[in-house]
Amino acid sequence: MTLKILDTTLRDGEQTPGVSLSVEQKMLIASALDKLGVDIIEAGTAIASEGDFNAIKEISQAGLNAEICSFARIKKEDIDAAADANADSVFMVAPSSEIHIKSKFRGKSEEDVIQISVETIEYAKERGLIVEFGGEDASRGKLEFIKRLFEAAVDAKADRLSYCDTVGVLTPERAESIMKELSSQFKIPISIHCHDDFGLATINTIYAVKGGATEIHATINGLGERAGNAALEEVVMALEVLYGIKTRINKKNIYNTSKLVEKLTRVAVPPNKPIVGDNAFTHESGIHTSALLRDTTTYEPISPETVGRERLLVLGKHAGRASVEALMKEFGYKATKEQMLEILNRIKEIGDKGKRVTDADVKTIVETVLQIKREKKVKLEGLSIVSGMSITPTASVKLRINGHERIEAATGLGPVDAAINAIKKAISEYADIELLSYHVDAITGGTDALVDVIIQLKRGNRIVTSRGARTDIIMASVEAFIEGLNMLI
Ligand code: MN
């Protein structure tokens with residue numbers, strides 16, 4: 001059987017501190033999730049707000065393949081809101097640990113929880129909803145009570161059950177044994193809902209699947225309350241590659257979905273995050289890159305293309321001969337043994353000062369050592385910026401491109417954005433350039449600090465890094481951009 005995936009990026013993921021998505025943004029993410037191939041999209045909590053209600057309604061009417069689900073408590077008004085929003089299903093949770101029953105159902109007993117659950121499930125079925133019934137905080141509850149609760153839910157015609165590790169205290173061993181017990185007793189599908197408070201969400205989810213869970217809950221980039229939920233990209237790739245368990249996920253869409261969610265939620269993916277982090281398929285060290293250039297499987301467990309990414313080789317202080325040679329080949333340069341040694345020494349020098357070595361740095365070093373004088377294709381001849389309060393930041397630039405003068409002006413969200421937009425406009429007929437990343441560091445203290453801007457530019461399938469270091473942040477950014485352009489044009 002193919003494992004089912006309920007994606008809760010738009011519900012538990014939106015409960016990430018600081019995250020709030022508009023209806024339009026939720027629609028964009030839902031479409032991406034549908035293309036990714038998730039079986040169920042938990043799109044929000046219909047009763048929670050007008051925005052959530054409208055988002056669920058719009059997503060339900062969009063004709064997606066996935067089942068559209070709303071979160072609900074064991075309350076009739078929650079069910080009404082979900083049904084009125086045209087959701088296909090509800091993920092309905094009942095408190096199932098002593099702590100949760102005490103704090104949320106003051107004065108009520110376990111038997112009360114069972115009775116209210118049954119009534120609400122029956123009501124949801126009357127309103128035509130598929131019911132996935134979950135025990136909230138089940139992992140801190142008594143298994144004996146969870147079983148009685150689930151028995152009653154099954155009798156009330158719930159369609160699926162869910163075991164929730166609401167505060168992330170499950171261990172892989174318990175996840176597997178509990179799921180074994182539950183799946184042998186209950187014949188309807190059971191899902192697992194894990195949180196990452198101890199960094200165990202992925203492995204707990206996998207062990208629950210080993211124990212018999214037929215559906216998993218996950219979010220893109222592992223978003224979610226507190227430390228987040230199980231990350232879809234991690235669970236899916238580990239299950240498929242390491243455990244041979246199939247899902248319906250179109251793995252090639254994993255990276256672009258992650259990027260979309262990162263952009264719209266403004267929660268940055270850490271560079272070292274498995275599968276989707278910037279560094280997950282980036283190689284710097286000399287020994288690694290030289291082996292990789294011969295055989296990509298040497299230092300990669302899966303190829304980046306599997307998840308819709310590209311391999312990135314970056315030069316740094318660990319850069320060895322092979323990676324520098326690869327870059328030189330690109331520019332058609334050849335060096336003698338002595339020159340090569342000098343080039344490598346100079347690269348390590350920059351790295352030892354604690355600075356990141358960019359492609360543009362290496363090119364400058366190579367050209368200096370080989371005494372190659374090259375006319376720069378793109379030169380900045382003038383720049384003026386207007387910015388301040390109550391006006392739109394505007395920049396005008398004068399560039400010399402292949403000897404021709406170009407003057408352009410553009411606006412932006414800030415002065416740096418305006419300057420970069422003006423340059424992009426000026427070069428637009430020469431090359432289609434995409435700015436992939438922009439990173440600023442202040443090297444010294446005060447407002448007169450030297451700022452170090454490192455950017456990543458992309459043209460076609462070539463990616464280069466370059467730097468600008470100045471006390472003027474706009475000039476440092478522009479310098480980095482022009483340096484990068486000269487690598488790409
Ligand atoms: Mn949760």
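The analysis underlying the following values was restricted to heavy atoms, covering all of them including side chains, and did not include hydrogens, waters or symmetry mates. Whatever order the structure lists ligands and atoms in, that order sets their numbers, starting from 1.
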To check you understand the geometry: which heavy-atom pair defines the closest contact between Ala124 and Ile79, and what is its length? CA-CG2, 3.5 Å

Is there an N/O/S atom in Cys164 that lies less than 2.8 Å from the Mn ion (ligand 1)? no

Report whether any nitrogen, oxygen or sulfur of His193 sits less than 2.8 Å from the Mn ion (ligand 1) (N, O or S, backbone or side chain). yes

Rounded to 10°, how big is the angle at the Mn ion (ligand 1) from Asp12 OD2 to His195 NE2? 100°

Is Lys210 positioned over the aromatic face of Tyr207, cation under 6.0 angstrom from the ring centre and no more than 45 degrees off axis? yes

Flag, side chain of Thr306 to backbone of Ile302, donor-acceptor distance under 3.5 Å: no

For the Mn ion (ligand 1), does an N/O/S atom of Glu225 lie at less than 2.8 Å? no

Taking the cut-offs as 6.0 angstrom to the six-membered ring centre and 45 degrees off its axis, would you call Arg11 and Phe71 a cation-pi pair? yes

